[in-house]
Amino acid sequence: MHNLKKILSELQNVQADPAVSVFIKTHRTFPDNQQDSIALKNQLKHLEDRLGHEYDSKIADQIVSKIRLATDELDPNYNLDSLAIFATTDQVKVLRLPFITNERITIGQKFETRDFLRELSYAVNAYVVVVTREIGRLIQISNDQVVYEYTGEHEDAPLPHGAFPLQNTHLYTTSSNDRAVASNEDNYLKEFLNRVDKNVQVIKNSTDLPLIIVADRRNIGFYESVCDRPQDIIITVDNVTNLEQGSAQHIVDGIQTQLEQYRQQRDILALEALDKSYGQPLIRTDLQEIYKAAFEGNAATLYVQRGFMLSGHIDEDQQRLSLEDHVEPNQSNDVVSQVIDVVDKNGGEVVFLPEALLKDKAPVVLVMRY
């Protein structure tokens with residue numbers, strides 16, 4: 001449910017006539033979120049009118065009825081920043097997205113997902129593991145936004161130590177009778193943190209994201225020592241307050257300095273890797289050559305300037321890419337996004353870099369496999 005990139009990638013491969021994409025701005029908090037159901041109702045009325053005009057009324061009724069059935073029970077208290085609905089006559093997928101999108105309806109033969117896949121590729125997507133001596137919490141984030149805080153049983157597999165938030169049931173007390181037990185607090189804490197981590201690893205098995213550990217310095221050290229995969233920890237933060245009662249957004253707001261430092265370091269490392277390859281025989285900067293190599297499965301890493309788009313058309317049968325003059329690029333005619341799709345589909349890596357770092361380099365650069 002929470003692996004947005006995987007879900008969007010699967011939706012991108014769907015072909016149907018019509019394939020309907022509906023996007024609505026939503027709100028995370030009361031009372032603003034009470035208006036979201038009205039916005040949804042209005043968009044569905046617009047969709048019904050458009051489908052009725054462009055397609056047979058039976059098709060329009062079938063799709064709109066399926067969407068209404070899928071959205072009737074949506075709880076606005078769980079809304080994020082946008083609601084995305086993808087529908088055909090056979091299926092409906094409703095997603096809450098952790099970023100703002102323009103409200104719109106698109107009707108074509110494929111769903112409109114590329115913008116969101118790019119957004120997720122730019123972002124730092126991670127699990128924030130929040131631990132104190134008494135409680136363990138788990139929050140999925142995308143940059144500065146909460147995607148989800150785990151507060152129940154995991155849907156894909158049972159958690160070995162029960163639902164989050166996880167309580168430490170083996171705390172010592174400071175009464176005189178238990179002072180001998182107090183000397184073993186380190187071991188009790190490590191056992192508790194190990195249980196937290198065992199739960200985290202089960203969730204990572206279904207959606208593998210890096211870890212950010214938020215705790216005091218002592219518990220960070222303990223968690224690192226018991227973690228099954230300490231190499232997955234990308235950030236540790238020890239200066240956030242109110243870890244047990246604070247909202248998920250409070251926790252995420254408290255790690256933004258370290259997150260931005262990580263993001264900058266990630267970009268610098270990617271640029272250094274590109275610098276080592278630049279000018280070598282395996283480098284391609286011509287978009288036609290890049291597309292051909294990607295189509296043949298010869299794309300190792302594609303470096304793309306963030307936000308860079310070009311209007312054009314790709315003829316898959318001829319493996320030819322043509323650019324258009326004086327046409328504003330958008331999601332449907334952007335050939336850069338289409339090249340990205342091919343690289344991703346054939347197992348290549350896509351790295352987005354800010355324009356300021358690329359400087360005199362081409363906005364799209366491919367490092368080939370061979």
Side-chain angles (χ1 to χ4, degrees), residues 2-16 19 21 84 86 93 95 97-99 101 106 108-126 142-143 147 204 206-210 263 266-267 269-271 273-274 277 282-317 319-321 323 329-354 358 361-370:
H2 308 295
N3 191 340
L4 288 177
K5 188 173 183 179
K6 179 181 178 182
I7 294 170
L8 289 168
S9 296
E10 291 171 350
L11 289 170
Q12 191 173 35
N13 295 324
V14 173
Q15 291 193 356
S21 305
F86 303 97
K93 190 70 176 180
L95 298 176
L97 301 176
F99 35 77
T101 183
T106 64
Q109 296 185 355
K110 296 191 73 175
F111 295 135
E112 188 173 337
T113 60
R114 288 194 181 112
D115 287 353
F116 308 121
L117 286 166
R118 274 202 180 197
E119 188 77 28
L120 289 170
S121 297
Y122 299 161
V124 177
N125 302 292
S142 182
N143 278 347
V147 175
K204 276 175 59 64
S206 58
T207 305
D208 191 13
L209 298 176
R263 192 164 26 240
R266 184 184 64 174
D267 289 345
L269 291 174
L271 182 66
L274 176 58
S277 301
L282 293 180
I283 286 286
R284 294 290 183 272
T285 57
D286 178 82
L287 203 56
Q288 171 61 50
E289 294 179 2
I290 289 173
Y291 172 70
K292 188 173 186 299
F295 188 88
E296 295 171 348
N298 188 16
T301 306
L302 182 70
Y303 296 89
V304 182
Q305 177 184 307
R306 288 179 188 164
F308 183 73
M309 302 172 74
L310 287 172
S311 298
H313 173 73
I314 289 180
D315 185 330
E316 293 184 3
D317 294 333
Q319 297 181 37
R320 293 295 303 173
L321 181 152
L323 298 179
N330 55 47
Q331 190 270 347
S332 59
N333 71 358
D334 173 34
V335 291
V336 177
S337 289
Q338 294 179 61
V339 170
I340 291 169
D341 294 345
V342 177
V343 171
D344 188 62
K345 181 179 178 180
N346 291 333
E349 181 183 6
V350 181
V351 177
F352 294 92
L353 289 171
L358 284 170
K361 294 182 176 62
V364 184
V365 182
L366 177 69
V367 179
M368 299 192 301
R369 299 182 192 276
Y370 48 85

*Tell me, please, which residues at least two apart from K204 pass salt bridge (Lys or Arg N to Asp or Glu O under 4.0 Å).*
D208, D232

_Distance-minimising heavy-atom pair for H313 and V335_ = N-CG1, 3.3 Å

*What's the verdict on salt bridge (Lys or Arg N to Asp or Glu O under 4.0 Å) for D267 and R306, showing C-alpha distance, side-chain angles and the deciding distance?*
CA-CA 11 Å; D267 289 345; R306 288 179 188 164; 3.0 Å; yes

*Could you pull out the closest heavy-atom pair between K5 and S121, with the gap in Å?*
NZ-OG, 3.9 Å

*Sequence-distant partners of F308, ring pair (Phe, Tyr, Trp, His ring centres under 6.0 Å), two or more places apart*: none

_Ionic contact status for D334 with R118, cut-off 4.0 Å_ = yes

_Nearest non-hydrogen partners of N125 and S142, listed with the distance_ = OD1-OG, 2.8 Å

*If you look at every heavy atom in L282 and R369, which pair is closest and at what distance?*
CD1-O, 4.3 Å

*What are the two closest non-hydrogen atoms of A273 and Y303, and how far apart are they?*
CB-OH, 3.7 Å

*With under 30° as parallel and over 60° as perpendicular, where do the rings of F99 and F116 fit, or are they tilted in between?*
parallel

_Out of the candidates L353, T301, V304, L274, only one should pair with V365 under the side-chain contact (heavy atoms from CB on, under 4.5 Å) rule; please name it._
L274

*Nearest heavy-atom neighbours spanning V343 and A294*: CG2-CB, 3.6 Å

